[in-house]
There are 2 protein chains.
Amino acid sequence: MTGVDLVIFTVRDDVLHVLLTQRPDGPNEPCPGLWALPGGFIDVEKDASLEACARRKLAEKTGVASPYLEQLGSWGGNARDPRGWSATHVYFALIPSEGIEPRAGGRAADARWHPVRDHGVREKLAFDHVAILSAALERLRNKVEYTSLPAFLLPEEFTLSELQHVYEIVLDRPLNKSAFRTRVRDADLIVEVPRQRSGANRPAQLYRLKDRRHPVFFPRTFSPRGE
Amino acid sequence: MTGVDLVIFTVRDDVLHVLLTQRPDGPNEPCPGLWALPGGFIDVEKDASLEACARRKLAEKTGVASPYLEQLGSWGGNARDPRGWSATHVYFALIPSEGIEPRAGGRAADARWHPVRDHGVREKLAFDHVAILSAALERLRNKVEYTSLPAFLLPEEFTLSELQHVYEIVLDRPLNKSAFRTRVRDADLIVEVPRQRSGANRPAQLYRLKDRRHPVFFPRTFSPRGE
DNA sequence: TAAATAGTGTCTCTAAGACATTATTTG
DNA sequence: CAAATAATGTCTTAGAGACACTATTTA
């Protein structure tokens, strides 16, 4: 049986979160009551491709129409599901948290954002989802070093300080301000919008992405970890 | 029906090659006579996992026991195979060409190395294998910029000049000699072997990889120059 | 000796990092 | 005014690129 699973990340209250659904209880249900990555099976009528299936499930769970989505990989074997040999195609999504509340749908008894600590989530996960989540985190943290991925965690308009802040959250380390700004400018990934964010201080210029679907690759990583 | 396909690269006569098999002719065979990536279906008895299946097929086709192997991604949809909705898990392998001759096995009428030009191969390919090969090439060429992947295309012992040469073949551009050498040295990925390669010139020191399974990631790409 | 390739040294340039400084708002 | 954050400038440093130079072998 071939399925599609999703690792959906967002940032809420300055912490990275992942969306999980609770497995239903029941006599023939595998991993009853455990938290799992949202997913399901391909509908050969509705889904023209694997990615179409992933987009459909993502819309069902979050209501987000066009988030950043990329394939993470696939996991398959005889040990991951008590019912026998199985394989799943896993996709990886980044969405802004503003105005998004997870929806319970179908057999997913409950869907909730879970804060991501060091290498995963506090709760015990179903199937091999610990390994999948861990791979997703590794992918995210690697790509943050040399791409514009964190921008997809922000709402449509954002300031440069806000952008730097999500980078710092995902990387879990501070970045240099002027280096960050020249890098972002040089990469030509954002455009000014004629508006500013004001507060009890100097107002900040607002920007939006030139392309909300494709990330930009920087020529270097942030900090050559030569150590 | 879920399958596993392989994109197996090697370098022969200073040119990148990919291994292809010819589809069998027959009344109910899809894409008869066209060249295709080697692959097949999972054997739930023999294959404990997707990767195990890929390694088994690779050994069958090439006889290579422990090559560099990584997952490339999966392709699935209703348009890729005339028989209907299908999905395949694709793996990506790099092997040295020395002493390796492709083996025809099972229904693969013929297996041959095909030179890779710009974006693929001269022959028409079966199914969606043009897209898969193109993705594999993109992955390879990207990773060559910041990893030690090309080293897996060389035999166990090699000189620094030979290593630089495979990089140049895959990248299709010359590299700076001294920069290349300091980078490789600093990355701590090779060790000297007490032997030299001699010819009609100064003999060259031979090296081997410290780890023939995992690539090393360099802190920067080769040429950040914004084209 | 010349030819050939191995291997190193020097200089420049780009972009990151550290950190100080200036700018512009509100209370 | 002070407080707060935005935005920029200056100096240093790491590593890539260009390219010249030295080293060591065979014929």
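As the structure is a prediction and not an experimental result, all values here were calculated from the model. To find a chain, count down the sequence lines: A is the first, B the second, and so on, and within it residues start at 1.
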message: Need to verify one output field. Residue with the more 5' nearest nucleotide on DNA chain C, Tyr207(B) or Phe180(A)?
response: Tyr207(B)
message: From the set dT10(C), dA7(D), dA6(C), return the single nucleotide nearest to any side-chain atom of Arg181(B).
response: dA6(C)
- prompt: Does a distance-only test, which skips hydrogens and angles, find a donor-acceptor pair under 3.5 Å between the side chain of Asn176(A) and the base of dA16(C)?
  reply: no
- request: Could you tell me whether Arg185(A) contacts a base, only the sugar-phosphate backbone, or nothing, with contacts defined as non-hydrogen atoms closer than 4.0 Å?
  value: sugar-phosphate
message: In whole Å, I'd like the distance from the CZ atom of Phe217(B) to the C1' atom of dG15(D).
response: 20 Å
message: Check this for me: does any side-chain nitrogen of one of Glu123(A) and Arg112(A) sit under 4.0 Å from a carboxylate oxygen of the other?
response: no
query: Would you call the rings of Tyr68(B) and Phe92(B) parallel, tilted or perpendicular if under 30° counts as parallel and over 60° as perpendicular?
result: perpendicular
query: Which word best sums up how the rings of Phe180(B) and Tyr167(B) line up, parallel for under 30°, tilted for 30 to 60°, or perpendicular for over 60°?
result: perpendicular
Leu206(B) CG to dA6(C) C1', straight-line distance once rounded to whole Å: 12 Å
query: So which nucleotide from dA16(C), dA16(D), dG7(C) ends up closest to the side chain of Leu160(B)?
result: dG7(C)
task: Report the nucleotide, chosen from dT8(C), dT8(D), dA6(C), that has the shortest atom-to-atom distance to any side-chain atom of Ser161(B).
output: dA6(C)
message: Rounded to whole Å, how long is the line connecting atom CZ of Phe158(A) with atom P of dA6(D)?
response: 14 Å
- request: State which residue, out of Val191(A), Leu160(A), Thr159(A), fulfils the side chain to side chain contact (heavy atoms under 4.5 Å, CB included) condition with Tyr207(A).
  value: Leu160(A)
message: Each nucleotide in nucleotides 20-27 of chain C should get exactly one letter: B, S or -. Can you fill that in based on protein heavy atoms under 4.0 Å?
response: ---BBBS-
query: In whole angstrom, what separates Leu175(B)'s CG from dC19(D)'s P?
result: 15 Å
- prompt: Would Arg195(B) and Glu156(B) count as a salt bridge (Lys or Arg N to Asp or Glu O under 4.0 Å) if you check the C-alpha gap in whole Å, the side-chain angles of each, and the deciding distance to 0.1 Å?
  reply: CA-CA 13 Å; Arg195(B) 214 173 335 200; Glu156(B) 186 128 357; over 6 Å; no
message: Quick check: closest heavy atoms across Leu6(A) and Ala54(A), and the distance to 0.1 Å?
response: CD1-O, 3.9 Å
field: Nucleotide dA6(C), atom P - distance to CZ of Arg197(B) in whole Å
entry: 10 Å
Value in whole Å for how far the P atom of dT5(D) lies from CD of Glu162(A): 13 Å
message: What is the separation between atom OH on Tyr167(B) and atom P on dG17(D), rounded to the nearest whole Å?
response: 13 Å
- request: Calculate the interatomic distance between Arg183(A) atom CZ and dG17(C) atom C1'; express it in whole Å.
  value: 12 Å
message: Looking at the base of dG15(D), is there any donor atom on it, or on the side chain of Thr182(B), that sits under 3.5 Å from an acceptor on the other one?
response: no
field: Nucleotide of dA18(D), dT10(D), dA16(D) approaching Ser178(B) most closely (side-chain heavy atoms)
entry: dA18(D)
query: Would you find a donor on one side and an acceptor on the other, under 3.5 Å apart, between the side chain of Glu138(B) and the backbone of Leu133(B)?
result: no
